[in-house]
Every structure is written in C-alpha cells, then in structure tokens.
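A quick write-up on the structure given underneath.
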Amino acid sequence: MPYVEEEKANETPIPVRNPSPNLSSKKNRAPSWSDIWPLKRVVFTMQLPESLPDGDKTLISNFSRIDRTLLLSDDILLRILSKLPVSQRNANSLVCKRWLNLQGRLVRSLKVLDWEFLESGRLISRFPNLSNVDLVVGCFVRRMGAGVFWSHRLVSLHIDSCFSRFCDDEGMLLPVEIIDRGLKALACGCPNLRRLVVIGASEFGLLSVAEECLTLQELELHKCGDNVLRGIAACENLQILKLVGNVEGFYNSTVSDIGLTILAQGCKRLVKLELSGCEGSFDGIKAIGQCCQMLEELTFSDHRMDEGWLAALSYCENLKTLRFVSCKKIDPSPGPDEYLGSCLALERLHLQKCQLRDKKGVRALFRVCEAVRELVFQDCWGLDDDIFRFANVFRRVKFLSLEGCSLVTTEGLESVILSWTELQSLRVVSCKNIKDGEVSPALSTLFSVLKELKWRPDTKSLLASSLAGTGMGKRGGKFFKKM
C-alpha cells in the first residue's frame, strides 16, 4: 500500500546582519513559503517565550525561512490541519515528518491493500485513531504481475489468468491464523474501532476484536460460517451487521439456523441486518425476531432459505424496512395464510433484481407486508400484471416506484393504484409496456392530485413534456420531475 513518508530537509538558518530597511530590496527578493503561508499572521502575533535571551529573540524574528509552525503546539496545528479540505491532506503529509504524523491522526477511515502494512505495525503507528477499517482486499494473497482484474459487487482485485474459482486449496486467501493475528493487532492498536470489514477470519480473531473494541457498532463479515458467528455474538454493542456466506463463483461457506440463533442470542442490539448468500429456515429468522427486538431494517441478498421461512417475519415486530436483492426466489411454499401473520410496523418494501415468477411466494410476501407505505420494484424479472395485482392487498401505500419492469402494462398499473386512496408519489421509469396513449381519464385524474409524479416509462414518452404548465404533479409544493 503506497504510503509516502518524506521528511523535510533540515535547513540551517543563516544569520542576517544589518537587515536593510530599503523596501525595494524586499520587493526584488523571491517570496519564501513563510511569506505566503496562511498562518503567517497567526504566528507573528504569538509571543515568544520570555526565557529566551534577547539575542535569540532577535535572531528568530529575522529568519525569513524558518519553519514557524514549530512555534505551534501539536494540538493547535492538528486543529488547523483538520479545517483544511480533504483534497489537501496528501500534500500536507509531504511537508515534513511532523506534519505526516499529525495528518495520520486525522485519518478515520482506511482500506488496507497490503496485509504486511498491518502486521508490521506501521498501520497502527501511522494511523492511531482509525474508526473504520476495510481489510477484505488485504486478506488475499498478493499476485505480482497478475494481469486480470476481477470485479464483483462485494470486492475487486487482481487475479491470475488461470483462475477458475476461489477456494482455500488455491491459496487465494491468507491463512486464517495470519488473519486472526492481524485482527488482534488491529484491535489492540485501535480500541475505538467502530466499523470493520473482513474476510476469512475465525471466531478467535473476532473474539479479540469484541474484547478490545467495545464501541464496535458495524461489522461486515465475508466467508463466514456458523462457528465464526460465536465470535460475533460477543460484540454486545453491535448495531449494524452484514453476513456474506455464499457468493456463487467466488467462495462457499454456510450460515444456517444454528449460526443465526447464536447471533440472535448474542447481538440483541442489532438495528440493521443483511444476510447475503445465507441459508436458514423458519427457526433461524424467528430467533432473530424474538431476540433482536430493536431490529428495524432487514435485507436478504441472494438468500437460500428453506421453504416456509416467510412466516417468521411476523416475529420482527419493530421491523420498518424489508429489502430483497438479487433473490432467485422468495418462498416457493409459504404455507396457509392463517399462519403467515404480518409485520404491522413495516413501512418500506424494496425488491431489486429479484425473480418474481412464483405467484405463491409473491402473494404471501405481500400479505405479510400489507402495512407498507413505500413500495419499490427495480429491475425485477417475472413481474407481470397478474403478479402485480397481488399488490391490491396494500391499503396504505403513499409511494410507488416501478423501474425496469417491462411486463407490467398500463392496465395492470391502473387496476392497482386506483384502489390506493393514500397514494401521494408515483415513479414509473423504463417500463416499456406502459404507454402514454393508454392512460385513461381516471388515471389522468389521479396524476393531477399527486404530490410528486415522475413518468418516463420509455424513451418515447411524451407525457412529461405535455404536462408542463398544467399544474399536474405539483400539489403539496412538490415539482414535476422531468428527465
């Protein structure tokens, strides 16, 4: 990881005898950095220590090229550097070694690219006040001259051209003992750590973090299994957690009901939880709902839950936001309606890049989430009129967003939103089967009373421009959005 430490050359001050009072000589002299440095006036106003001999005071006052920041204490200079723009931090750290050390104290967030930088102790000595550390890229074995750049939404790195898939046998990840040792060093050196991102650690490495970093609030753990979650359970103040168990073509690990139960019993203060590529069933989600009573946001990404798990969501009594991202299924066999229950406090339901072809699963999901006020569909496959009509079960929706849902027609949209008496905002983007020419008078009337309307179902849509100046979509002080 390229960190440049450059110490400023020590300049020997040259005494100036009989400085000329002639102002023209000052104009011809090339300006020094001290003449243009913004703190010059501040330093000039500082009183020199009374203990200095008069000769030294005169000598110091006449030096035009002396580093006047030496008159400032570390605390004062640190406060000044903290007020400068972030874009100047790299340049400031190159002024001298003192500025380099002080600038390191201001760094709070860091992504480690080279594990040796952590193990050698340089990271902690260089950045002692870190609160946000990402170790994922540094946990991979560095491949010198690797010509292939591999990118995933979770991580990006350079790999060999002969790479087929990630696994421990290929030695792509550092040994777990090395990762645990680095976590222990990081925890001891940065006890005020609040956010950590790591891959391939064991429960022992995470236990050292839990013991030393009592203020840890956010954790993102890749390639984790049930045993690893024993270490997470010791983080009593953890509020935000993301577990990545299985990533297709990248790595495989298993998070089941056992791990979810361990997690629920240990991390009872969770507010946000994301389960990516995790397995489980009704029992695991029920345990989280019963134990994590402060949970407000739950995200499932590419989940591998067993059939019948959906009914466990009703145990999350304070859940406000539910998200599904890149899920190939919802719940193929959700069970009878009387056993589903509902999330009465739920306000937002977001589905992004999900396959919604299964009518049973989508219908059951909508019944569990019937209290939502914000409904978002983005690039969902299989969402046609028949499945979208299940949204009639919602009665309190105030905001609807449809983006990239090409199977929904104007008729299907109208059959649902006309029954929503509380609808205030509508967003329709890139839905090619919704046509301007098929908008009925009833739908036009609904548009006129909306507080916010963004209508761009396809590139040929002319409704947005034709409504300009009509006042439609401006109720409540909001303006009509046009792309």
Side-chain angles (χ1 to χ4, degrees), residues 323-328 330 348-363 365-367 369-370 372-483:
R323 289 190 174 92
F324 290 85
V325 181
S326 301
C327 294
K328 299 180 178 64
I330 301 298
R348 291 171 288 273
L349 175 61
H350 293 193
L351 295 105
Q352 179 182 359
K353 298 181 180 179
C354 296
Q355 296 188 17
L356 304 180
R357 296 182 174 91
D358 179 37
K359 293 184 178 181
K360 290 183 179 181
V362 176
R363 178 179 175 276
L365 174 63
F366 287 178
R367 289 189 64 87
C369 306
E370 60 184 3
V372 297
R373 299 189 178 187
E374 180 179 308
L375 186 59
V376 175
F377 298 93
Q378 182 180 354
D379 299 325
C380 291
W381 298 279
L383 182 64
D384 55 16
D385 289 347
D386 293 337
I387 293 182
F388 185 66
R389 286 192 180 95
F390 290 139
N392 278 314
V393 71
F394 303 129
R395 295 300 180 185
R396 303 171 58 189
V397 175
K398 293 185 177 181
F399 174 83
L400 171 65
S401 176
L402 286 174
E403 181 177 354
C405 301
S406 58
L407 299 181
V408 179
T409 65
T410 311
E411 180 183 358
L413 175 66
E414 181 177 354
S415 65
V416 174
I417 64 175
L418 288 181
S419 64
W420 293 346
T421 57
E422 299 184 20
L423 186 64
Q424 298 178 356
S425 303
L426 177 63
R427 183 177 181 271
V428 179
V429 178
S430 300
C431 301
K432 64 180 182 179
N433 278 327
I434 298 179
K435 308 293 184 181
D436 290 345
E438 298 175 356
V439 176
S440 66
L443 197 56
S444 299
T445 302
L446 176 63
F447 289 168
S448 65
V449 298
L450 292 177
K451 290 184 177 180
E452 183 177 355
L453 173 62
K454 186 174 184 179
W455 185 270
R456 196 68 175 178
D458 55 56
T459 57
K460 299 179 181 179
S461 177
L462 301 176
L463 181 60
S465 59
S466 63
L467 289 180
T470 63
M472 295 175 65
K474 293 185 178 180
R475 184 182 178 185
K478 296 294 180 91
F479 59 92
F480 188 92
K481 292 186 176 180
K482 187 167 62 175
M483 296 183 65

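- Here the side chain of Thr410 pairs a donor or acceptor atom with the backbone of Lys435 at under 3.5 angstrom.
- Contacts of Phe366 classified as ring pair (Phe, Tyr, Trp, His ring centres under 6.0 Å), with partners at least two apart in sequence or in another chain: Phe394.
- Residues meeting the salt bridge (Lys or Arg N to Asp or Glu O under 4.0 Å) test with Arg348, sequence neighbours left out: none.
- In this structure, Lys432 has no side-chain hydrogen bond (donor to acceptor under 3.5 Å, both in side chains) partners at least two apart in sequence or on a different chain.
- With sequence neighbours left out, Arg367 forms a salt bridge (Lys or Arg N to Asp or Glu O under 4.0 Å) with Asp337.
- Evaluation of the salt bridge (charged side-chain N to carboxylate O under 4.0 Å, His left out) test over residues 400-427, restricted to residues two or more places apart or in two chains, returns Glu403-Arg427.
- Atom OG of Ser425 and atom CG of Leu450 lie 7.0 Å apart (nearest 0.5 Å).
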Step-by-step side-chain contact (heavy atoms from CB on, under 4.5 Å) determination, Leu356 to Phe377: CA-CA 10 Å; Leu356 304 180; Phe377 298 93; 4.1 Å; yes
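- Among residues two or more places apart in sequence or in another chain, the side-chain contact (heavy atoms from CB on, under 4.5 Å) test is passed with Asn433 by Thr409.
- Leu418 has its side chain within reach of Leu446: a pair of non-hydrogen atoms, C-beta onward, lies under 4.5 Å apart.
- Counting only residues at least two apart or on different chains, the salt bridge (charged side-chain N to carboxylate O under 4.0 Å, His left out) pairs with a member in residues 376-393 are Asp386-Arg389.
- Looking at every heavy atom in both residues, Trp381 comes nearest to Arg357 through CB-NH2, 3.9 Å.
- Applying the side-chain hydrogen bond (donor to acceptor under 3.5 Å, both in side chains) criterion to Gln352, with sequence neighbours excluded, gives no partner residue.
- No donor-acceptor contact under 3.5 angstrom links the side chains of His350 and Gln378, judged on distance only.
- Residues Leu407 and Phe388 form no side-chain contact, since every pair of their non-hydrogen atoms from C-beta on lies 4.5 Å or further apart.
- Judged as a side-chain hydrogen bond (donor to acceptor under 3.5 Å, both in side chains), and not counting sequence neighbours, Arg373 has no contacts.
- Side-chain contact between Arg396 and Trp420: absent, with no pair of heavy atoms (C-beta onward) separated by less than 4.5 Å.
- Taking SG of Cys380 as the start and CG of Leu402 as the end, the distance is 9.5 Å to the nearest 0.5 Å.
- With sequence neighbours excluded, no residue forms a ring pair (Phe, Tyr, Trp, His ring centres under 6.0 Å) with Phe390.
- When Leu383, Ile387, Leu351 are each tested for a side chain to side chain contact (heavy atoms under 4.5 Å, CB included) with Val362, only one passes: Ile387.
- Contact check for Cys431 versus Val408: no side-chain heavy atoms found under the 4.5 Å cut-off.
- Note that CG of Leu426 and CG of Leu413 are 6.0 Å apart. Values are rounded to the nearest 0.5 Å.
- Rounded to the nearest 0.5 angstrom, Ile330 CD1 and Leu365 CG are separated by 5.5 Å.
- A pairwise comparison of heavy atoms in Asn392 and Ser415 identifies OD1-O, 3.5 Å as the closest pair.
- For Gln424, the side-chain contact (heavy atoms from CB on, under 4.5 Å) test picks out Lys398, Lys451, with sequence neighbours left out.
- Taking each heavy atom of Ile417 and Leu400 in turn, the nearest pair found is CG2-CD2, 3.6 Å.
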